[in-house]
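One structure is given below, encoded as structure tokens.
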Amino acid sequence: MSTPVQSPENPSGHESTQDVATYDVEATQAKWLERWDALDLFRADDAVALSGEKPTYYALTMFPYPSGDLHMGHAEVMALHDVVARYKKFRGFEVLNPMGWDSFGLPAENAAIKRDEHPAVYTYANIETQYDSFKKYGLAFDWNRRLHTSDPEYYRWTQWLFLKFREQGLAYRKNSPVNWCPNDQTVLANEQVLGDGTCERCGAEVTKKELTQWYFKTTHYAQELLDCLDDLQDNWIAKVANAQRNWIGRSEGAHVSFDVAGHEPIKVFTTRPDTLPGATFMVVAADAKLAASLVTDAQRPALEAYLDEVKKASDIDRLATDRPKTGVDLGVTATNPLTGAQIPVWASDYVLADYGTGAIMAVPAHDERDREFAEKFGLPVVSVYDEDAAYDKAAEISSAIAKIEASGHGEGTINYRLRDWLLSRQRYWGAPIPIIHCPVDGEVAVPEDQLPVVLPELSGAALKPKGTSPLGGATEWVNVACPTCGGPAQRDTDTMDTFVDSSWYFFRYLSPNDDTQAFDPALAEAWGPVDFYLGGDEHAVLHLLYSRFFTKALRDMGLITWDEPFSSYLSQGKVINNGKKMSKSLGNGINLGEQIEKFGVDAVRLTLVFASPPEDNIDWADVSPEASLKFIKRAWRLAGDVTSSPGIDPASGDVALRRVTHKTIHECADLLERHRFNVVVARTMELVNATRKAIDNPSIGGADAAVREAVEAVAILLSLVTPYAAEEMWELLGHAPSVAQAAWPTVDEALLVDDTVTAVVQIQGKVRGRLEVSPSISEADLEAAALADPAVQRALEGKTVRKVIVRAPKLVNIVAG
RNA sequence: GCCCCCGUAGCCCAACCGGCAGAGGCAGCCGCCUUAAAAGCGGCACAGUGUGGGUUCGAGCCCCACCGGGGGCACCA
């Protein structure tokens with residue numbers, strides 16, 4: 001237990017820093033954990049938000065998946081997030097800062113199979129472990145709003161939203177070639193397949209399967225999802241907005257139809273309609289239905305043989321751009337609508353079935369891929385323009401589109417790379433899709449009053465992936481009466497992608513216990529949208545795009561009025577060790593619990609916040625929790641050396657120290673708004689150093705009113721990062737019950753201005769003299785003073801002053817020659 | 001190949017609207033304190049901003065090209 005030199009109520013006047021009791025990390029943590037629990041400091045008040053008596057601030061950080069205990073990555077994101085949440089509370093906002101668990105998902109299911117138990121056992125045990133760790137970590141969460149997406153009370157509304165989306169035409173089922181993870185034995189959304197064709201979750205090579213699956217119509221909002229990024233980008237970290245733009249992949253061009261004798265015309269998408277005269281052949285995706293319907297009987301065996309070959313090639317091979325072109329002539333010709341030329345139609349795997357129309361016009365003169373193909377198969381090359389000469393591409397394209405439109409063979413159009421979101425999964429631990437399949441009535445929605453469709457109790461081996469959903473094995477659960485006709489029918493046995501759960505959790509936090517609606521629209525209006533969202537880069541496209549889609553859909557349903565869920569977004573870097581990602585195989589993992597054990601919560605948090613700007617990676621080898629703890633003790637010791645009483649008027653204190661204090665507060669406020677948390681810590685260190693010097697200076701000392709003012713500022717600033725030590729300091733300073741309830745210090749503008757400032761005198765941009773001047777000096781006076789300066793005059797000897805640039809009060813630059 | 005971000009002391013990083021390159025820290029060195037050590041306190045040193053041009057009175061900051069690193073997209077027509 002820490003024993004301060006003197007009690008704050010009864011300042012003893014000890015000035016010595018010797019014999020100071022040591023700061024007891026463990027005891028301090030235990031003491032404040034208990035007090036905080038009783039104080040419930042961070043409860044967000046809906047009544048305040050609804051009344052508008054205070055501005056609201058919705059601070060959100062991505063909720064964790066409950067796999068084991070919290071780790072270094074969690075520690076970083078939570079430490080950073082907490083700075084923002086606590087700061088906004090200080091600034092008078094009613095802060096909503098909730099936390100919960102994204103608790104559906106595969107790891108629990110895999111653990112359940114291995115241990116022969118129910119996934120809920122693993123899930124909820126880990127949640128409790130993480131909850132305890134969160135509490136100990138001293139975070140400013142409103143735990144009254146805690147939620148778990150795997151609770152039936154939560155997924156009831158996930159299911160309700162699915163049904164609402166379906167009513168809006170935003171959820172539908174279709175048969176299509178889909179991504180299949182052979183390891184997890186389930187389909188995946190496009191977003192869950194990495195650039196190298198592997199599963200985002202398990203790393204297995206993803207294959208294609210033809211299946212009927214549920215989709216959300218994300219493409220409905222493609223343009224809006226793109227447009228809104230322009231408004232967001234000032235407050236969103238640039239790389240994430242960029243990643244979303246790339247993912248949406250807008251391209252402008254035209255649809256052009258090529259007539260084919262005895263067949264529907266072939267429609268292509270092209271970004272280069274100006275090169276239509278050079279289209280000397282066409283290529284359709286070999287695996288598209290179009291190829292099969294175009295091919296002549298004579299060429300059909302060749303196409304089928306080619307298809308067999310293509311299917312053998314893995315996706316990874318297919319993704320290699322340097323692979324030689326292959327293909328087969330379909331035996332038909334199409335008419336180039338501009339030249340009237342009869343051009344052959346080929347099939348190849350370099351054309352993708354699910355992008356554009358699955359067919360292209362090939363212009364070998366101006367497209368490298370088409371050129372390769374033409375060279376390989378001896379097809380003609382017709383140049384449209386000289387690539388080395390000047391060519392107004394934009395103008396040529398728009399005039400080409402006009403020409404095509406006039407001829408009735410197509411129109412200008414916009415194509416997106418974004419696909420609809422495949423949301424059904426063939427796994428157990430997720431929200432069941434609330435649909436009943438009836439032989440008479442087809443797809444029937446489960447009536448709202450029958451929600452939630454609760455998962456049947458399955459555990460252990462019954463969850464083993466077998467390519468179809470484990471729910472299919474729960475026959476009693478599957479077989480139900482059709483809600484429409486009452487006849488025998490069957491439940492849909494797929495569950496929803498867990499990204500569905502997390503696409504709307506920030507709405508549920510608004511009214512987490514409401515059993516009449518998914519969330520309260522009035523509270524959404526009062527609190528929303530999220531003002532600050534912090535998370536990981538790995539969700540740049542996945543979670544963030546899906547949540548944006550949900551928000552737009554909810555807006556169009558009239559439940560909310562705003563367009564975007566997250567007004568600002570920041571993603572923190574990773575915690576690495578010795579230049580490498582922490583991993584079991586490398587044996588370089590840093591255990592969070594051990595670090596906290598050794599240095600305490602505050603030191604770990606301080607280390608993470610101070611190490612670098614939030615978005616940069618932190619290499620644990622480059623930082624020093626020991627040093628952080630040293631600094632915390634040093635700051636804490638200041639409080640013990642303050643001998644004045646609370647409430648003393650700081651105006652009587654040392655002005656130099658007061659200046660440092662007020663400048664620090666002023667600058668920190670700006671830095672906090674700009675999320676430069678590492679610099680906030682650096683500024684606080686400076687203030688601590690200056691305060692130490694003042695205390696140790698016999699003519700100032702611990703009784704000076706400015707010292708109290710400075711140390712109180714330190715306690716408030718530090719409470720953003722090291723809440724335990726800050727509370728301890730606040731108490732030593734004679735305040736109660738918690739520093740979190742302190743008011744942010746008011747900055748005295750007069751103290752931000754120094755009596756004199758140093759003006760630099762430059763000649764030709766080189767510093768030649770310095771002047772101590774008043775900060776309010778006029779430009780004319782400063783210029784005169786500079787020219788009168790002996791050192792300057794010496795340097796100007798024999799030269800003519802051509803021009804004098806004055807930037808009062810900091811600088812004079814004399815151009816002479 | 002296209003797009004985005006970043007290169008500042010040995011290391012992690014500051015630097016406002018273009019205005020004296022250095023705030024904070026780590027590691028290092030030297031003192032003070034101490035019987036000694038630890039803790040604490042004080043001090044020192046270290047770069048001219050990846051490279052080459054340009055704009056400007058003045059460039060780490062703006063523009064162009066290149067080099068290096070990170071990320072996104074990618075046979076996407």
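Letters A, B, ... are given to chains in the order of the sequence lines, protein chains preceding strands, and every chain is numbered from 1. For the numbers below, each heavy atom of this structure counts, side chains included, while hydrogens, waters and symmetry mates do not.
The residue among A:S624 and A:A611 whose nearest nucleotide of RNA chain B is located toward the 5' end is A:A611. Nearest-nucleotide assignment on RNA chain B puts the 5′-proximal partner with A:A238, out of A:A238 and A:T270.
When the P atom is used for both B:rG68 and B:rC62, the distance is 22 Å, rounded to whole Å. Rounded to the nearest Å, the gap between the C1' atom of B:rA77 and that of B:rA15 is 47 Å. A distance of about 15 Å separates the C1' atoms of B:rC6 and B:rC12, rounded to the whole Å. A gap of 11 Å separates the C1' atoms of B:rC16 and B:rC61, to the nearest Å. Nucleotides B:rC13 and B:rG7 have their P atoms positioned 10 Å apart, rounded to a whole Å. Distance noted for atom C1' between B:rC67 and B:rG28: 32 Å (whole Å).
One can find a donor-acceptor pair under 3.5 Å joining the base of B:rC75 and the side-chain atoms of A:K325.
Straight-line distance from the CG atom of A:N813 to the P atom of B:rC20: 11 Å, rounded to whole Å. To the nearest angstrom, P of B:rC11 lies 21 Å from CH2 of A:W620. Rounded to an integer number of Å, the gap from CD of A:E615 to C1' of B:rG70 is 13 Å. For the pair A:R245 CZ and B:rG71 C1', the computed distance is 15 Å after rounding to whole Å. For the pair A:I763 CD1 and B:rC20 C1', the computed distance is 14 Å after rounding to whole Å.
Aromatic ring pairs are classed by plane angle as parallel below 30°, tilted from 30° to 60° and perpendicular above 60°; the pair A:H539 and A:H543 is perpendicular.
Base contact: A:N246 has a heavy atom under 4.0 Å from a base atom. A:R683 comes within contact range of at least one nucleobase, with a heavy-atom separation under 4.0 Å. Residue contacts for A:D670: at a heavy-atom cut-off of 4.0 Å it reaches no nucleic acid atom on any strand shown. Residue contacts for A:T758: at a heavy-atom cut-off of 4.0 Å it reaches a base atom on one of the strands shown. Nucleic acid contact class of A:D370 (heavy atoms, under 4.0 Å, all strands): none. Contact annotation for A:A682: base contact, defined as any heavy-atom pair under 4.0 Å involving a base atom. Note on A:F631: nothing from the nucleic acid sits closer than 4.0 angstrom, heavy atoms only. Among the heavy atoms of the strands, none lies under 4.0 Å from A:K633. No engagement by A:V623 is indicated, since no non-hydrogen atom pair under 4.0 Å with the nucleic acid exists. Looking at heavy-atom distances under 4.0 Å, A:R419 makes contact with a base. Across all strands shown, A:Q244 has no heavy atoms under 4.0 Å from either base or sugar-phosphate atoms.
Nucleotide B:rC57 forms a Watson-Crick or G-U wobble pair with B:rG19, both donor-acceptor distances falling under 3.5 Å.
Residues A:D354 and A:R417 are not paired through a salt bridge, judged by the lack of any N-O separation under 4.0 Å between the basic side chain and the carboxylate. Salt bridge annotation for A:D274-A:K393: absent, with no cationic side-chain nitrogen under 4.0 angstrom from a carboxylate oxygen. No salt bridge links A:R637 with A:D641; every basic N to acidic carboxylate O contact stays at or beyond 4.0 Å. Salt bridge annotation for A:R371-A:E368: absent, with no cationic side-chain nitrogen under 4.0 angstrom from a carboxylate oxygen. Look at A:E749 and A:R659 and you find no salt bridge, because none of the NZ, NE, NH1 or NH2 atoms lies under 4.0 Å from a carboxylate O.
Contact annotation: A:N689 reaches the phosphate of B:rG25 (side-chain N/O to OP1 or OP2, under 4.0 Å). Between A:N242 and B:rG71, a side-chain N or O to OP1/OP2 separation shorter than 4.0 Å is absent. Using a 4.0 Å cut-off, no side-chain N or O of A:K239 falls inside it from OP1 or OP2 of B:rG71.
For the pair A:K325 and A:Y350, the cation-pi test (distance below 6.0 Å, angle within 45°) is passed.
With its glycosidic angle within 90° of 0, B:rC17 is assigned syn.
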